[in-house]
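Here the structure comes first, spelled out in structure tokens, and everything after it is commentary.
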There are 2 protein chains.
Amino acid sequence: MTKHKIDPRVQRTRRLIMDAFIELSSQKEFRDITVKDITIEAMINRATFYYHFHDIYDLQEKALSEVLLIKLECNESYKLNEDLFINVFKAITNFQCALSNRCHRGYEDTIARIIREQLEVIFYTVLKKEHPTHDQEALKIASGMLSWAIYGASIKWKQQTTQTSEQYIQSIIPYLMRGIA
Amino acid sequence: MTKHKIDPRVQRTRRLIMDAFIELSSQKEFRDITVKDITIEAMINRATFYYHFHDIYDLQEKALSEVLLIKLECNESYKLNEDLFINVFKAITNFQCALSNRCHRGYEDTIARIIREQLEVIFYTVLKKEHPTHDQEALKIASGMLSWAIYGASIKWKQQTTQTSEQYIQSIIPYLMRGIA
DNA sequence: CGTAATATGTTGCTTATACGACATATTGAT
DNA sequence: ATCAATATGTCGTATAAGCAACATATTACG
């Protein structure tokens, strides 16, 4: 049960805006999508857009975060183990490949930040559950380092062509597991 | 271009309500569908439902009219000829068959009225276009009689089992065409 | 480079929708 | 037949969304 119920109109309108962005992003590059495009596709007023989002960049981040979140398929049964790393790595590499022809220059930093932030939340949640008595700050640092590490691995993976993402992450999991679990 | 623009919120909300009704009517009989069911399925407030519809019966009529309208596939190129009668007849018999297992007793009159009203509008529009100088009242009477006739034929068709709806209407078209075109 | 067209961002006001409360009606169970 | 549960219908209030207008910024074109 949600502790705080969101107004259904807000849910619907945000859904309309997010879906409009996703639809438009399959038709044109991110930098060519305007707030006007969004409002036409979603059939909402421009003032309504600004009621929900700061600007087009705010929407891009939130929309991409949601897309990644869906790919990550987070669930409460996640444990800090090999399966988690494999799933997470496949999700972020899939995410990056899906974006590679929609946003060239200028979005790498945004995407990188979105990926790291999502990973950090996941790792922190899992670590918190497995080590409830540990210092919160230490868990934050650990999850932050892990997210950077996984992200760095994905960048390295992209630079090579001989291994699938699953093969690649499996080859580096021993380096991840040592010193954590 | 519409001469009067409808508020997008009104359009969206009515769409939600109509779609909720259609969805529910594939799961339960009409008489078992409540306003509460509709508001849950559509995710709208009960007061909002009453803002748009008088009661559940008002919704049923409007929703069914829309379903029939879609089946009729009205377009501006319609002419009062054999094709029109065949299309119209197939649409209303299809409509009646689709409903036959969702609303038993108590809805025949509502459905009959919906069918006749839609047919009357279609026939009047076509007659008006083909005989623009004719007396408006005479055109109304002619379209009314035609709609009753076609509806009556559909009732007769249901009572027999040897002919398809298309065969049936073709066998009675000569009786319809004489005295009109 | 200058100008026109287009997009952005904001504002005040209006309309549509949500909520909770309430009285009444209907339905289901005993 | 009675009572409890559920549904209906309405109301006052609050919030979200739409509209038109406006000033400013950006983009496209000649």
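In this text, all values refer to a predicted model and were calculated from it rather than measured experimentally.
Every residue two or more places apart in sequence or in another chain that forms a salt bridge (Lys or Arg N to Asp or Glu O under 4.0 Å) with A/Glu166 is listed here: A/Lys90. Applying the side chain to side chain donor-acceptor pair (under 3.5 Å) criterion to A/Asp32, with sequence neighbours excluded, gives no partner residue. A search for side chain to side chain donor-acceptor pair (under 3.5 Å) contacts involving B/Lys28 returns B/Asp37, not counting sequence neighbours. Looking at residues two or more places apart in sequence or on another chain, you find a side chain to side chain donor-acceptor pair (under 3.5 Å) between B/Glu23 and B/Gln27. Residues that satisfy the ring pair (Phe, Tyr, Trp, His ring centres under 6.0 Å) test with B/His134, not counting sequence neighbours, are B/His131. Remark: B/Asp55 pairs with no residue by the salt bridge (Lys or Arg N to Asp or Glu O under 4.0 Å) rule, at least two apart or across chains. Under the rule for a salt bridge (Lys or Arg N to Asp or Glu O under 4.0 Å), the partners of A/Glu61 that lie at least two apart in sequence or sit in another chain are A/Arg113. Not counting sequence neighbours, the partners of A/Glu66 by the salt bridge (Lys or Arg N to Asp or Glu O under 4.0 Å) test are A/Arg15.
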Under a cut-off of 3.5 Å for both distances of each Watson-Crick or G-U pair, what dot-bracket string does DNA chain D give, using [ ] for crossing pairs and | for inter-strand pairs? ||||||||||||||||||||||||||||||
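For C/dT10, the OP1/OP2 oxygens have no side-chain nitrogen or oxygen of A/Tyr50 closer than 4.0 Å.
Atom CG in A/Asp32 sits about 14 Å away from atom C1' in D/dA28, given to the nearest Å. In this structure, CZ of A/Arg31 is placed 14 Å from C1' of D/dT27, rounded to the nearest angstrom. In this structure, NZ of B/Lys36 is placed 5 Å from P of D/dA7, rounded to the nearest angstrom. Taking atom CD1 of residue A/Ile33 and atom P of nucleotide D/dT27, one finds them 16 Å apart after rounding to whole Å.
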Per-nucleotide protein contact string for nucleotides 17-25 of chain C, where B marks a base within reach and S marks sugar-phosphate only (heavy atoms under 4.0 Å, - for neither): BSB-B----
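Tested against A/Phe89, the residues A/Ile169, A/Ile173, A/Leu84 include a single side chain to side chain contact (heavy atoms under 4.5 Å, CB included) partner, A/Ile169.
Using a 4.0 Å cutoff on non-hydrogen atoms, no part of residues 54-62 of chain A comes near DNA chain D.
Not less than 6.0 angstrom separates the ring centroid of B/Tyr107 from the ring centroid of B/Tyr57.
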Listed pairs under 3.5 Å, donor-acceptor, residues 38-50 of chain A side chains, sequence neighbours left out:
unit_1, atom_1, unit_2, atom_2, d
A/Thr39, OG1, A/Val35, O, 3.3
A/Thr39, OG1, A/Lys36, O, 2.9
A/Asn45, OD1, A/Ala47, N, 3.0

